[in-house]
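In what follows, a structure is listed as structure tokens, so that the remarks can point back to it.
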Amino acid sequence: MPRSRPNSAQPLLSNHQKSWLWGSLCVAETLECGRWPIYELILAENANQPIHQQIEQAAISANIPIERQSSKRLEQLCKSRDHQGVLALMGPFPYGNFEHLLTQISPQSRFVILDCIQDPFNFGAIVRSAAAFGMTGILIGQNNQVGVTSHVARSSVGMVNRIPICQFENLTQAIQKLLSKNTALFSAEQNGSLDIRQIFQRPEYSQQPLAIIMGNEAEGISNELKTLCTNSVRIPMAAGVESLNAAVSASILMYELSLLRNT
């Protein structure tokens with residue numbers, strides 16, 4: 001279960017100001033999953049809706065210290081007005097165990113790999129869709145890639161707790177391990193050689209683990225990672241439309257991969 005912060009030396013998610021997680025649904029989800037350490041909980045004095053009562057009871061059960069403060073004080077702490085009456089002080093995010101995922105890989109496994117996604121709201125939206133479409137895991141690098149922050153967690157509505165997110169100093173080596181498990185790897189590109197729907201016409205792909213790489217919002221996928229890919233895929237779009245937002249594109253592609261798993 002989430003644990004209370006035993007002393008001031010306990011590590012935080014980030015610096016103190018950036019270690020607050022807020023929003024009733026996000027905090028409730030984090031409490032329910034019980035993976036990410038919560039050191040203390042602050043509720044607004046007027047936070048008495050059913051979800052606030054649920055959060056308070058979950059925190060009591062997990063022995064997490066609880067305070068009541070004014071709504072204005074919560075705003076001062078998190079530097080935001082959309083706290084919804086709930087603040088949680090977070091420890092470091094528990095990234096997933098990739099080696100464990102590899103031991104469980106099967107032809108039904110589906111991964112999404114992010115190459116230098118820097119917008120926390122894009123990352124959070126991708127995580128939310130990945131959880132919704134049953135992805136096996138998300139792989140990210142450490143360099144030029146946003147990690148799991150409070151902004152990412154809130155954009156995912158707490159779904160960062162529901163899907164393994166694995167972080168690597170060397171993303172290339174992690175991908176090579178996936179390939180060693182017979183994973184078919186696709187790069188998502190505006191002019192990809194395959195329409196995403198054409199994957200359904202390739203029976204071999206229904207018998208393999210599948211992974212898709214999404215590139216940086218401005219520069220796309222690095223050449224180093226492109227060379228590892230089995231093929232490239234594109235999303236069919238109406239004439240005159242060049243591209244979609246990274247999170248929207250990822251959602252469409254993950255949905256298609258989830259359909260292929262179910263055929």
Sorted by chain and residue number, the salt bridge (charged side-chain N to carboxylate O under 4.0 Å, His left out) partners of Arg73 (sequence neighbours excluded) come out as none
Side chain [X], main chain [Y], donor-acceptor under 3.5 Å:
| X | Y | value |
| --- | --- | --- |
| His52 | Gln49 | yes |
| Gln198 | Asp195 | yes |
| Ser109 | Ser106 | yes |
| Gln167 | Ile140 | no |
| Tyr39 | Ile64 | no |
| Asn161 | Gly34 | no |

Listed by chain and number, what are the side-chain hydrogen bond (donor to acceptor under 3.5 Å, both in side chains) partners of [X], not counting sequence neighbours?
| X | result |
| --- | --- |
| Asn216 | none |
| His151 | Arg154 |
| Ser24 | Gln84 |
| Ser150 | none |

Heavy atoms, side chains only, cut-off 4.5 Å: are [X] and [Y] in contact?
| X | Y | result |
| --- | --- | --- |
| Ser258 | Arg110 | no |
| Leu41 | Leu87 | no |
| Ile138 | Cys166 | no |
| Met135 | Ile163 | yes |
| Glu67 | Leu43 | no |
| Val148 | Trp36 | yes |
| Gln145 | Asn143 | no |
| Trp20 | Ile42 | yes |

[atom1]/[X] to [atom2]/[Y] distance, rounded to the nearest 0.5 angstrom?
| X | Y | atom1 | atom2 | result |
| --- | --- | --- | --- | --- |
| Phe93 | Thr30 | CZ | OG1 | 9.0 Å |
| Gln176 | Thr183 | CD | OG1 | 12.5 Å |
| Asp115 | Glu219 | CG | CD | 9.5 Å |
| Ile117 | Met214 | CD1 | CE | 6.5 Å |
| Ser156 | Ile165 | OG | CD1 | 7.0 Å |
| Leu210 | Leu257 | CG | CG | 5.5 Å |

Donor + acceptor pair across side chains of [X], [Y] (<3.5 Å):
| X | Y | value |
| --- | --- | --- |
| Thr172 | Glu224 | yes |
| Asn46 | Ser71 | no |
| Ser232 | Ser193 | yes |

Other hydrophobic cluster members with Leu171, side-chain heavy atoms of Ile/Leu/Val/Met/Phe/Trp/Tyr under 4.5 Å, chained? Phe98, Leu101, Leu102, Ile105, Phe111, Ile113, Leu139, Phe168, Ile175, Leu178, Leu179, Leu185, Ile213, Ile221, Leu225, Leu228
Can you list everything that forms a side-chain contact (heavy atoms from CB on, under 4.5 Å) with Asn48? Sequence neighbours excluded, please. Arg68
With sequence neighbours excluded, residues passing side-chain contact (heavy atoms from CB on, under 4.5 Å) with Leu25: Ile51, Val157
Looking at every heavy atom in both Gly85 and His83, which two are closest together, and how far apart are they? N-ND1, 2.9 Å
Enumerate the residue pairs fulfilling salt bridge (Lys or Arg N to Asp or Glu O under 4.0 Å) with a member in residues 155-172, sequence neighbours excluded, ordered by first and then second residue. Glu29-Arg162, Glu32-Arg162
Tell me the salt bridge (Lys or Arg N to Asp or Glu O under 4.0 Å) pairs involving residues 181-190, sequence neighbours left out? Glu189-Lys226
With sequence neighbours left out, write down each residue that passes ring pair (Phe, Tyr, Trp, His ring centres under 6.0 Å) with Tyr205, or none if nothing qualifies. Phe186
Assess the residue pair Phe123 and Phe121 against the criterion (ring pair (Phe, Tyr, Trp, His ring centres under 6.0 Å)); give the C-alpha distance rounded to whole Å, side-chain angles, the decisive distance to 0.1 Å, and a yes or no. CA-CA 5 Å; Phe123 185 18; Phe121 300 103; over 10 Å; no
Quick one: side chains of residues 124-134, donor-acceptor pairs under 3.5 Å with protein atoms, not counting sequence neighbours, listed by atom name and distance.
unit_1	atom_1	unit_2	atom_2	d
Ser129	OG	Ala125	O	3.3
Ser129	OG	Ser251	OG	2.6

